[in-house]
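Single-structure report; data block below.
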Amino acid sequence: MKRTSYPRSVTRSLKVATVVSIATAGLLLAAMEQGRTLRASRALRELPSTARAVLRIDTRALDRTPAARTLVEAFVAEEQLSEIQTICGLDPLAALSEATIWVRGPEDQPLQSIGLMLRGRAADAATLAKCHRLLVETRGGSIVRLEGPSGPVVASRDGRSAIAVLDDRTIVTGSVTTVTEVMAVQRGLSPALLERPRMATLWPRVNAGASIAAALEPPEHWKAALERVAKLGEEASPVQGLQTVGLSVESGSAQTVVVYIDVDDADLAAQDAAVIRAWAASPPKSVQPPWADVLRSARVQVRERTVVVRFDVSSLAAAR
């Protein structure tokens, strides 16, 4: 076979073009990965360090994620969604791209108030703010404008419901304290959730690629109480040595919900896993259908000091 020879200048140009193409591809992949990392950890930068529990719902992914849709329908009252649709003239799940809910409070009052951050998809921030005003007025309240060090806030006169616009697609609502705290975080005047090491470690793990993500870091004086509450009958508690709990539903998942239980050490993780496996084999009588079916589906793994439990939630949808 006759070989074709190229001038040195052409060969050199081909080599340079190949190197440039590989470098460009590498930069694009790095940029995409950086973007995913930033999105996965966004709540850590936006929410205050006083947040004890965080729940994020990617409403865009619900239609293609049956497991996430099932959880939303199981825990969110249809009446609440219908009220918003009737009063505001918009479907909350279709109007939003993302909803983040958190519970905040100091160490001695960790459940002091609840915050809600909404990002619009079919609705902009002005439309969402108008909906908030209509809901307050429908319930017999009225709103006033308050000027604070972090910016203006619109609130009900009793101060229990406030709202602020963060950008053209995003609003935050909750008590006046809750809303102004988020605004202070945005302006660098208050510490963000990123400064809480355990939450900073857990949140990207449960949130990356998820349509629903949740994380809880209970205060120290709650942990013993949670161990008792989690007991069913005379069985041992499955959360001995609890540090944090996370939940994740991967986008596109048909039926699987993953729960992460971080505890003090590997020995406690093994003990807690054994309790959960025992419950899955024979659910306690206090667990009623369809939740007993969910518990039976549990698949348990131990990763050092983390118990990872996968549940099949399809029985919840079948029971509706």
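Remember, predicted model here, so these are calculated numbers, not experimental data.
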E250 atom CD, over 12 foreign heavy atoms within 6.0 Å: no
Working for side chain to side chain contact (heavy atoms under 4.5 Å, CB included), residues V307 and I276: CA-CA 10 Å; V307 182; I276 298 171; 4.1 Å; yes
Non-hydrogen side-chain atoms of R198 and Q243 separated by less than 4.5 Å: yes
Main-chain N/O of T306 paired with D262 side-chain donor or acceptor, under 3.5 Å: no
V275 side chain near S237 side chain, heavy-atom distance below 4.5 Å: no
Side-chain ion pair, D168 and R119, N-O less than 4.0 Å: no
Same apolar cluster (I L V M F W Y, side chains within < 4.5 Å links), L44/M183: yes
Residue pair S49, R196: steps toward the side-chain hydrogen bond (donor to acceptor under 3.5 Å, both in side chains) verdict: CA-CA 6 Å; S49 62; R196 295 264 297 284; 5.7 Å; no
Smallest separation among heavy atoms of G241 and L268, with atom names: CA-CD1, 3.8 Å
Value rounded to 0.5 Å, distance of CG in L193 from OG1 in T50: 8.5 Å
Over all atoms of both residues, closest heavy-atom pair of V300 and A273: CG1-CB, 3.7 Å
Minimum heavy-atom distance between A298 and V309, given as atom pair plus value: CB-CG1, 3.8 Å
S190 vs P48 side-chain heavy atoms within contact, under 4.5 Å: no
Distance, nearest 0.5 Å, that separates CG of D312 from CG of D293: 9.5 Å
same_hphob_cluster(V176, V144) at 4.5 Å side-chain heavy-atom cutoff: yes
Interatomic distance, F311 atom CZ to T256 atom OG1 [nearest 0.5 angstrom]: 11.5 Å
Pair D63 + R69: basic N to acidic O under 4.0 Å: yes
Flag side-chain contact, heavy atom, 4.5 Å: V172 against L116: no
Step-by-step side chain to side chain contact (heavy atoms under 4.5 Å, CB included) determination, L247 to V258: CA-CA 6 Å; L247 178 147; V258 185; over 6 Å; no
Single-linkage hydrophobic cluster, 4.5 Å side-chain cutoff, L316 and L55 together: yes
T65 side-chain N/O to A67 backbone N/O, donor-acceptor pair under 3.5 Å: no
Distance (rounded to the nearest 0.5 Å) between L118 CG and H132 NE2: 10.0 Å
Any side-chain donor near an acceptor of the partner, T59 and E98, under 3.5 Å: no
Linked, directly or transitively: V72 and V259 (ILVMFWY side chains, under 4.5 Å): yes
V302 reachable from V206 in the ILVMFWY side-chain graph, under 4.5 Å edges: no
T100 side chain to R56 backbone, donor-acceptor under 3.5 Å: no
R64 and D58: CA distance, side-chain angles, deciding distance, salt bridge (Lys or Arg N to Asp or Glu O under 4.0 Å) verdict: CA-CA 11 Å; R64 65 177 187 273; D58 180 353; 5.1 Å; no
E83 backbone acceptor or donor facing T86 side chain under 3.5 Å: no
Check: R52 and P219 side chains under 4.5 Å, non-hydrogen atoms: yes
Polar side-chain atom of R121 near backbone of L93 as donor-acceptor pair, under 3.5 Å: yes
Any W102 side-chain heavy atom under 4.5 Å of T178 side chain: yes
Pair R104-E181, salt bridge (Lys or Arg N to Asp or Glu O under 4.0 Å): steps then yes or no: CA-CA 10 Å; R104 61 158 299 282; E181 196 172 55; 2.6 Å; yes
T177 side chain near S113 side chain, heavy-atom distance below 4.5 Å: no
Test item: R305 side-chain N/O and V263 main-chain N/O as donor-acceptor pair under 3.5 Å: yes
Student check: side-chain heavy atoms of Q255 and P66 closer than 4.5 Å: no
From CA spacing to verdict: side chain to side chain contact (heavy atoms under 4.5 Å, CB included), V165, V154: CA-CA 9 Å; V165 174; V154 175; over 6 Å; no
Test item: T170 side-chain N/O and L166 main-chain N/O as donor-acceptor pair under 3.5 Å: no
Heavy-atom pair with the smallest gap, counting every atom of P92 and I84: CG-CG2, 3.6 Å
Minimum heavy-atom distance between S211 and S251, given as atom pair plus value: N-OG, 3.4 Å
Polar side-chain atom of R169 near backbone of A123 as donor-acceptor pair, under 3.5 Å: yes
Point-to-point distance, once rounded to the nearest 0.5 Å, from CG of L128 to OG1 of T173: 10.5 Å
CA sep, side-chain torsions, deciding dist, call: R296, W279, side chain to side chain contact (heavy atoms under 4.5 Å, CB included): CA-CA 7 Å; R296 287 190 188 93; W279 285 2; over 6 Å; no
Nearest atoms (heavy-atom pairs only) where K285 meets Q288: O-NE2, 3.0 Å
Between CG on residue L194 and OG on residue S41, distance to nearest 0.5 Å: 7.5 Å
